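Take a look at the structure below.
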Amino acid sequence: MNYTDQWHQAVLPTWQASFDHPFITALHDGTLPEDTFRYYLIQDHHYLTAFAALHEAIAEHLPADQAQVLLALNEGSGEDTIRDKMHAELGITATDFATTPVAPTAYAYISHMYYQLNEVNPQAAVAGLLPCYWLYAQIGAHLAKLTSPKPLYQAFFDAYASDDFTTSTNQMLDLVNQTAAASSPDVQTQMATAFKRSAVYESHFWQMAYQKERW
Ligand SMILES: Cc1ncc(C[n+]2csc(CCO)c2C)c(N)n1
């Protein structure tokens, strides 16, 4: 079994918690209040901004060929354009982004990824990026097979079930497995820890949005 499958096995209950979260099931059956989705999109904007910056920061510490893969993944992300339409539909403006503080769980998730880079090592930081890709690809593949009565919510899932997105997830999986294979057992353990914590934060992110968490 490759490294990422082992780490995935070790966090299965946490992974499943995201699949089964009421935020996801309510998105799927169309009952999620728009205001809750709006909250999610604003917090996710904060997250995506940090996530893109992290790709750049981590790439500076990786061997050139791996850095190139990470930067290309960052460039190729079509998420922003798809999100722009959703933001417009819900009337989310640049002012909303600027005036809404990042919520505690989003803040903790972002801080965790920076901690991996600044206090652990770039290998752990790369592993910390993976659950983001992989979990959304799996949730997208799972839910795009079903239809949501709400086109806005269906579009959200469809974006992650696209071929492009499957390709970028596979590239990220390859990058992380290659990095782990070239690392010492201690560093591999640090990578597994970073992966696990990101998987935990992914499940908490849904709960944050569901309860519209505030400071
Ligand atoms: C909390 C949170 N976790 C994961 C994603 C999904 N995602 C964000 S950036 C990226 C890489 C390429 O687009 C992916 C898959 C999200 N939107 N929000």
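Numbering of ligands and ligand atoms starts at 1, following listing order. Since this is a predicted model, take the numbers as computed values, not measurements. In this chain, numbering begins with 1 at the start of the sequence shown.
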Please lay out, stage by stage, how Y114 and N118 fare under the test side-chain hydrogen bond (donor to acceptor under 3.5 Å, both in side chains). CA-CA 6 Å; Y114 274 107; N118 295 327; over 6 Å; no

After noting the C-alpha distance and the side-chain angles of Y136 and F156, does the key distance pass the side chain to side chain contact (heavy atoms under 4.5 Å, CB included) rule? CA-CA 10 Å; Y136 273 55; F156 176 76; 4.2 Å; yes

Output, in order, the C-alpha distance, side-chain angles, deciding distance and verdict of side-chain hydrogen bond (donor to acceptor under 3.5 Å, both in side chains) for D5 and Q9. CA-CA 6 Å; D5 283 340; Q9 283 293 321; over 6 Å; no

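Counting heavy atoms under 4.0 Å from ligand 1, residue Y133 touches it through both backbone and side chain. Of all the heavy atoms of R83, the ones lying under 4.0 Å from any atom of ligand 1 belong exclusively to the side chain. At a 4.0 Å heavy-atom cut-off, ligand 1 does not touch T169 at all.
Within the listing of ligand 1, atoms 8 (C), 9 (S), 17 (N) sit less than 4.0 angstrom from a heavy atom of L48. Proximity to F205 (heavy-atom distance under 4.0 Å) selects the following atoms of ligand 1: 1 (C). Close approach of ligand 1 to D44 (heavy-atom distance below 4.0 Å) involves ligand atoms 1 (C), 2 (C), 16 (C), 17 (N), 18 (N). In summary, the atoms of ligand 1 found under 4.0 Å from a heavy atom of F51, numbered by their order in the structure, are 9 (S), 10 (C), 11 (C). Set against the non-hydrogen atoms of F165, the atoms of ligand 1 under 4.0 Å away are 15 (C).
Here the shortest heavy-atom distance to atom 3 (N) of ligand 1, taken over E202, H204, H45, belongs to E202.
For H204 and Y109, the ring centers are positioned 6.0 Å apart or more.
A donor-acceptor pair is defined here as one N or O able to donate and one able to accept, closer than 3.5 Å; no such pair exists between the side chain of S198 and the backbone of F195.
If you chain together ILVMFWY residues whose side-chain heavy atoms come under 4.5 Å of each other, L71 ends up in a group of its own.
Linking ILVMFWY residues whenever their side-chain heavy atoms come closer than 4.5 Å, directly or via other members, places V69 and Y133 in the same cluster.
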